[in-house]
Amino acid sequence: MQLTDLARQRRSSRAVDPDRRVDDATLAALFEAARWAPGSRNEQPWRYVVFDDRDPESLAEARACLRPTNAWALAAPVLVLSLAATHYGDGRPNRFASFEAGMASILAALRAEELNLVFHQMSGFDPDQARRQFAVGDDLEILALIAIGHRLDPERWSEEQREYESGSKPRRPLSETVRRSRLDGPALTTPEETS
């Protein structure tokens, strides 16, 4: 599949099947894709902590970090805490760490799309609770909590899920987000925008 097609069809689905577990080989495939993200000085600052039914107590603790707005993610069989190492190996600050960890996560998200999995990154959780609960040191920035699971069969969607999953995914045109030479310079446009 073309990368652009994967990116277009990818969405942060909330319709996750609570009854299907995600095996280790599938999880490894996602994070193998993440492993190949680019990074300054090849330091690879991304880190992930996986919570699933192999340690039900830790999975429950990760679920307890969710904010009420993300209660839907309680159904996800896997939660993952994404982190970024904030310093290079020589101790100097890495101001690109969160950017690079984001690139790693989008590669995992695109691989999840290829495998027809939900990969939903969330900011709606308590990072301070996660830091305390999971022994995350001050040298790591907590970025997101990610829900991973198999897609729920549309026949089983609730009305709320049907509305959310079927909604449009509008994107700004390039002319609003890409400029030449200066931030107030001429816009870059697609052929469709100029016709």
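It should be emphasised that the depicted structure is a prediction, and the values quoted were computed from it without experimental measurement.
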| Approximate separation, where rounding is to 0.5 Å, of Phe119 CZ and Arg111 CZ | 12.5 Å
| message | Any heavy-atom pair between the side chains of Arg14 and Ser158 that's under 4.5 Å? | response | no
| query | Passes side chain to side chain contact (heavy atoms under 4.5 Å, CB included), Leu145 versus Leu66? Steps please. | reply | CA-CA 8 Å; Leu145 195 59; Leu66 289 165; 3.7 Å; yes
| task | For residues Glu165 and Ala15, report the shortest heavy-atom separation together with the two atoms involved. | result | OE2-N, 3.1 Å
| request: For His120 and Val16, run side chain to side chain contact (heavy atoms under 4.5 Å, CB included): C-alpha distance rounded to whole Å, both residues' side-chain angles, the deciding distance at 0.1 Å, then the answer. | output: CA-CA 10 Å; His120 187 126; Val16 63; over 6 Å; no
| field | From Leu30 atom CG to Leu110 atom CG, the distance as rounded to the nearest 0.5 Å | value | 11.0 Å
| query | Heavy atoms, side chains only, cut-off 4.5 Å: are Phe96 and Pro45 in contact? | reply | no
| Which atoms form the tightest heavy-atom contact between Ala101 and Ala84, and what is the distance? | CB-CB, 4.0 Å
| remark: Shortest non-hydrogen pair, Asn70 vs Gly124, comes out as ND2-O, 3.2 Å
| task | Report whether Ile142 and Phe99 are members of the same hydrophobic cluster (ILVMFWY, side-chain heavy atoms less than 4.5 Å apart, transitive linking). | result | no
| Would one find more than 12 heavy atoms of other residues, nucleotides or ligands at under 6.0 Å from atom CD of Gln129? | yes
| note | So CG of Leu81 and CD of Gln133: to nearest 0.5 Å the spacing works out to 11.5 Å
| Do you know the tightest heavy-atom contact between Arg47 and Ala85? | NH2-CB, 4.2 Å
| Could you state the interatomic distance from CD1 (Ile106) to CE (Met103), rounded to the nearest 0.5 Å? | 11.5 Å
| task | Would you check if the side chain of Arg162 reaches a backbone N or O of Pro154 as a donor-acceptor pair within less than 3.5 Å? | result | yes
| request: Report yes or no: does Glu43 contribute a side-chain atom to a donor-acceptor pair with the main-chain N or O of Gly89 at less than 3.5 Å? | output: yes
| field | Hydrophobic cluster identity match, Val22 and Tyr48, side-chain contacts under 4.5 Å | value | yes
| query | When hydrophobic residues are tied together by side-chain contacts of less than 4.5 Å, even through go-betweens, does Phe31 share a cluster with Phe51? | reply | no
| said: Working note: His150 + Thr26, criterion side chain to side chain contact (heavy atoms under 4.5 Å, CB included); need CA distance, chi angles, decisive distance, verdict. | reply: CA-CA 11 Å; His150 293 276; Thr26 302; 5.6 Å; no
| said: Can you confirm whether Arg54 sits close enough to Asp24 that some side-chain heavy atom of one is under 4.5 Å from a side-chain heavy atom of the other? | reply: yes
| What's the spacing between Leu143 CG and Ser98 OG if we round to 0.5 Å? | 6.0 Å
| message | Test your reading of the model: is there a side-chain donor-acceptor pair from Trp46 to the backbone of Glu100, 3.5 Å cut-off? | response | no
| Which atom names give the shortest non-hydrogen contact between Leu79 and Ala73, and what distance separates them? | CD2-O, 4.2 Å
| request: Evaluate the side-chain proximity of Trp72 to Met122: yes if any heavy-atom separation is below 4.5 Å, no if none is. | output: yes
| field | Arg131 with Glu141: basic N within carboxylate O range, under 4.0 Å | value | no
| query | Would Leu115 and Ile148 show up in the same hydrophobic cluster when neighbours are defined by side-chain heavy atoms closer than 4.5 Å? | reply | yes
| message | Could you check whether any side-chain heavy atom of Leu83 comes within less than 4.5 Å of a side-chain heavy atom of Val49, counting everything from C-beta outward? | response | yes
| So, for Pro77 and Arg21, which heavy atoms are closest and what is the spacing to 0.1 Å? | CB-CA, 4.4 Å
| request: Go through the side-chain N and O atoms of Gln121 and Ser12 and say whether any donor and acceptor fall under 3.5 Å apart. | output: no
| request: Give a yes or no on whether the backbone of Gly185 and the side-chain of Arg179 come within a donor-acceptor separation of less than 3.5 Å. | output: yes
| How far does CG of Asp17 sit from CG of Asp153, to the nearest 0.5 angstrom? | 8.5 Å
| message | When you compare the side chain of Val50 with that of Val80, does any pair of heavy atoms fall below 4.5 Å? | response | yes
